Peer 1: 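One structure, pasted below without further comment.
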Amino acid sequence: MERFVELRHLVKEFKPSGLRRLTGSAVRAVDDVSLTINRGSVFGLVGESGCGKTTLSRSLLYLDPPTSGEVVVKDTPLHTLSRKKLREFRSVMQIVFQDPNGALNPKMNIASSLKEGLINRGINRRERDDRIDDLLQQVGIAPTVKKRYPHEFSGGQKQRIVVARALTMEPEFLVLDEPVSNLDVSIQAQIINLFLDLKETFSLTYLFISHDLNLVSFLCDHIAVMYNGRIMEKAPAEELTKNPLHPYTRRLYSSVPGIHRMPAFSEAILSDADQRLTDFSQSCLYYPICPIRSEDCLEGRPELEDKGGGHYVACIHS
Amino acid sequence: MNFALFFLKRLLRLLATLFLISTIVFFVIRVIPGDPALVIAGIDASPGEIEAIRATLGTDKPLAAQYFSWMGSLLRFDLGESLMTRQPVMKLILQRLPLTLSLAFLGIIIGMLIAVPLGVLSAVKRWSFWDYFGMAFSQAGIAIPSFWLGIILLLIFAVRIPIFPLFGSGTLAHLILPALSLGFARAAVILRITRAAMVEELGKEYIITARAKGLTEKLVKYKHALKNAMIPVITISGIQFGYMLGGAIIIEQVFSLPGLGRLFLTGIYQRDFTLIQGGVVFVAAVFSFINFLVDILYSLLNPRITLE
Amino acid sequence: MEREPILTIQNLKVSFTTSSGSFQVLRGISYDLKEGEIHSLVGESGSGKTVTSTCILGLLPSPSGHIDSGTITYRGKDITTLRGEALRLLRGKEIAMVFQEPSRYLNPAFRIGEQITEMLILHQDLKKTEAEEKTRDLLAQVGLGEKKDVFAKYPHELSGGMKQRAMIAMAISCGPSVLIADEPTTALDVTLQLQILHLILKLKKDFGMGVLFISHDLGVVYSISDRVSVIYAGRIVESASRDVLFSSPLHPYTRMLLLSIPDARRRGHRLKVIPGRVPEPRDIPPGCPFHPRCPQAEELCKVTTPETRSYGNGHSAACHFTEKPWNDS
């Protein structure tokens, strides 16, 4: 299979600001992440808020270049590119965010919003109009309403328009950052189907970021589970769904209240006293709440280990 | 971040500002074309006189030496000697300061006493008589110059109905009218901020919670909403207080009060360079110090600020 | 023996009047809540589920929102017309609420402890020290033990999950008989969500509260409810015990909602979707409001609004064609 994006030991650190710069150390939002996204696949990145999944996507797109490590897109390492080349390269990678309200300019009608990208790409007026009509149709918006303003559309429709705008750049790769989290159940399903259809029509590759394991397991070919900036487990979706190995992945799966299943509730949080006494500087990041921790887990951060069949886990007890 | 660290941070910022101000003042005096000594002495002065002025100013020494001696004396709260009266500038300022400070202080108190209750009332009873009255009041306050108001107040309350003294100083009665004319315009600004802040807070979600908890309307409005609304009000009032020190210069003239304003104005007329230089540093320092106090007060009112 | 409901809502109609006209958001809603029962209202945004909860305590946005007709009966007494002091004594003391985003529904300028004690002082006539002691107990009950000293913290110093716990401690402080929880876990991560759900279940068990649980998440609703009502365009279209509703739904809307949940076993397929979206309150279609989105709709559905019919065991639905064989594909 052809590799589309490859991350090699990606690290993103944030320096504390102000006075704390003197005392505080940098915060590692993304810590040594390596992964490969194949062309034409849907790669799922799962984790809870604050785990670094959005930072990772921004670094991947070079909106916020990584502190260290490489992003390789179509066999080209992005850090080797000149600024101009990088901009060209970046247009093949577009992003769709959770909140379509923030993504659309409220003072511009949607045709104008879509036009911008086409003008930048030097497409002439006649062709522009045709392209806009065509793209709106593709995302399920009637071209007759293209002179309307964002507030005249519902949340689901706005998200469709945002997707259409991303498509004006003729991308090969879309980062979908929680694109349906703000939407209602029935609308979510519509947008997910839209993504499935567009992927076929435009031969797209997706990085799908979500906290919803149900949805990711349904949609993605490959899943990586992120915790505190590190990948804890990655595997083909089917394998991960059937056989989650990392205690955190298991916890995530068992936390999702599904139909006909009320998950049990268990926690193995360290007591405050233990928290104070323990030196976590080298330990597995999941140690403080891990139900299967042992002394050995304090010895070092576990690396991802191959368990066969493309299933990698960063846990010494798996 | 805890309060101590926040306090320290703001204190450092204050010191940095003071350092910057005094440096700028020093260089502005030295960098402007021409020798200040010549400007002060006038065209007819003899070389000896000019030398004497240079010695007083210290401009006969090398620039670095001048700078360090200037900074050194500042650290000892020494602003040099007035060229005209030969008295320490600091002493002159300190003599006049209490009057100006009490004028500004009384002004801001009067301003807030008028503005905050009226602003809250306007917000709570929107589109009522009080709201329209508040709007009319703030329009007037912004439009009417304070020196004009001062004159009118004098005409009415000192001449026509002599409740207050026409001029002189020393008692609270002498301060009421000037403080009122100063505070009136400030009240207009504070009233608008109070009303806007209160309206905004009353529309927030935690107000629904407060009602759902079964709190009385009094508690909902005058405890929950008001505390949050006071945060911007305090900030604006503090900044207004700083402006008032400037505004006092004119009002002191109108009411013939011997405050800082009069002192500096005389200094300008008489080209008393050291007095002006010291005055600028002093006023800037007071202004920064007030901002510092406002920041501290603000952080006590708004628990979130210390985190940022 | 059936327990008596403590809260009964009957044929409730609520309208909003704005500069662009008046429109009805609740168009005749009836449901009840029994002691020690969790009754969930499920619906999409715009269905009117949040208005259902706010109107109970007279918290509709003023002056635009108002109750047109219908009754809200609490312990045998109509509370629809209560105003002022009488309404205030009900709020928090008898019926309490928990909201979706604790960070916006807690007052940022007051410490958590103060926000709870003020309520105890007011409703239970406690002295300050007694109220403070009780507040610490309450915080411990919701898992915010003394050690963490949440009592003296401001809301912004707590995580989302802790804020929601504090919110719940506040809601249960005066021992209400009814807790209204409006999407209490939507803003939380899955692991925190689970903790809050278990907390609500525990409190229901310990105190025998009736809980009105409002959510759009069918998984969450399944986990927590005894009874579920599905709300669509300002009406309840189906209501049943949880197991019956999830295993044998009758209304096409319920059926399709359940089918639209992504399932890993169907990877590679498109999802089943309900076409279109929930109509705006100002242009609800005539007849059955769901008919434009319904694959089963016939001519009758476009003209006549279906009555709510009972199917035994407390299962009711408002659809003309519940007997019609349902085709899943």
Side-chain angles (χ1 to χ4, degrees), chain B residues 1-6 116 120 123-128 131 193-194 197-235 295-308, chain C residues 50 53-54 56-63 83-112 114-124 152-158 163 166-167 170-171 173-174 176 179-180 182:
Chain B
M1 187 159 49
N2 58 28
F3 183 73
L5 192 54
F6 173 77
V116 173
V120 169
V124 170
K125 298 190 191 307
R126 257 195 291 176
W127 318 125
S128 69
D131 195 12
I193 300 291
T194 310
M198 198 66 187
V199 166
E200 191 188 327
E201 294 304 325
L202 283 171
K204 290 218 173 135
E205 285 90 344
Y206 68 79
I207 294 294
I208 299 179
T209 309
R211 292 213 169 98
K213 277 156 76 173
L215 300 187
T216 56
E217 275 304 293
K218 235 187 229 157
L219 279 175
V220 171
K221 284 173 183 140
Y222 304 117
K223 179 179 176 185
H224 281 259
L226 189 60
K227 187 171 178 194
N228 284 287
M230 283 318 280
I231 293 166
V233 173
I234 294 287
T235 317
D295 272 354
I296 297 300
L297 195 60
Y298 182 70
S299 81
L300 291 177
L301 271 176
N302 183 359
R304 279 165 299 179
I305 192 73
T306 47
L307 267 186
E308 280 135 29
Chain C
T50 292
S53 71
T54 46
I56 294 172
L57 284 177
L59 293 169
L60 289 173
S62 157
R83 296 282 177 278
E85 201 59 7
L87 184 60
R88 186 181 76 71
L89 289 173
L90 204 68
R91 289 174 177 171
K93 199 176 184 183
E94 304 285 334
I95 302 175
M97 292 186 80
V98 174
F99 301 93
Q100 176 172 352
E101 282 179 78
S103 46
R104 290 163 60 170
Y105 281 90
L106 286 168
N107 192 328
F110 291 95
R111 296 173 199 274
I112 296 291
E114 166 67 16
Q115 299 194 43
I116 301 176
T117 39
E118 65 171 350
M119 213 176 149
L120 290 166
I121 293 170
L122 205 63
H123 282 307
Q124 305 204 322
K153 291 250 162 73
Y154 288 100
H156 74 270
E157 296 175 282
L158 305 180
K163 273 185 273 212
M167 193 91 206
M170 186 192 292
S173 63
C174 299
L179 178 71
I180 302 172
D182 188 355

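Letters A, B, ... mirror the listed sequences (proteins, then strands); counts begin at 1. Just so you know, these numbers come straight off a predicted model, no measurement behind them.
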Peer 1: Please state whether the side chain, the backbone, both or neither of Leu106(C) comes within less than 4.5 Å of a heavy atom of chain B.
Peer 2: backbone

Peer 1: Tell me which of these, Val98(C), Leu57(C), Asn107(C), has more heavy-atom pairs under 4.5 Å with chain B than the rest.
Peer 2: Asn107(C)

Peer 1: With a 3.5 Å distance limit and no angle check, can you tell me whether Lys227(B) reaches the backbone of Ala109(C) through a side-chain donor-acceptor pair?
Peer 2: yes

Peer 1: Can you tell me which of Lys93(C), Glu118(C), Met97(C), Met170(C) forms the most heavy-atom pairs within a distance under 4.5 Å of chain B?
Peer 2: Glu118(C)

Peer 1: Any idea which of Glu201(B), His224(B), Arg211(B) has the most non-hydrogen atom pairs under 4.5 angstrom with chain C?
Peer 2: His224(B)

Peer 1: Judged by modelled atom types alone, do Tyr105(C) and Gln100(C) share a side-chain donor-acceptor pair under 3.5 Å?
Peer 2: no

Peer 1: Supply the atom-to-atom distance Leu226(B) CG to Leu219(B) CG, rounded to the nearest 0.5 angstrom.
Peer 2: 12.0 Å

Peer 1: Identify which part of Glu101(C) has an atom lying under 4.5 Å from any heavy atom of chain B, answering side chain, backbone, both or neither.
Peer 2: neither

Peer 1: Pick one of side chain, backbone, both or neither for Ile207(B), based on which atoms fall under 4.5 Å of a heavy atom in chain C.
Peer 2: neither

Peer 1: Please confirm whether the backbone N or O of Lys213(B) pairs with a side-chain atom of Arg91(C), one donor and one acceptor, at under 3.5 Å?
Peer 2: no

Peer 1: Nearest 0.5 Å, please: how far is CE in Met119(C) from CD in Glu114(C)?
Peer 2: 13.0 Å

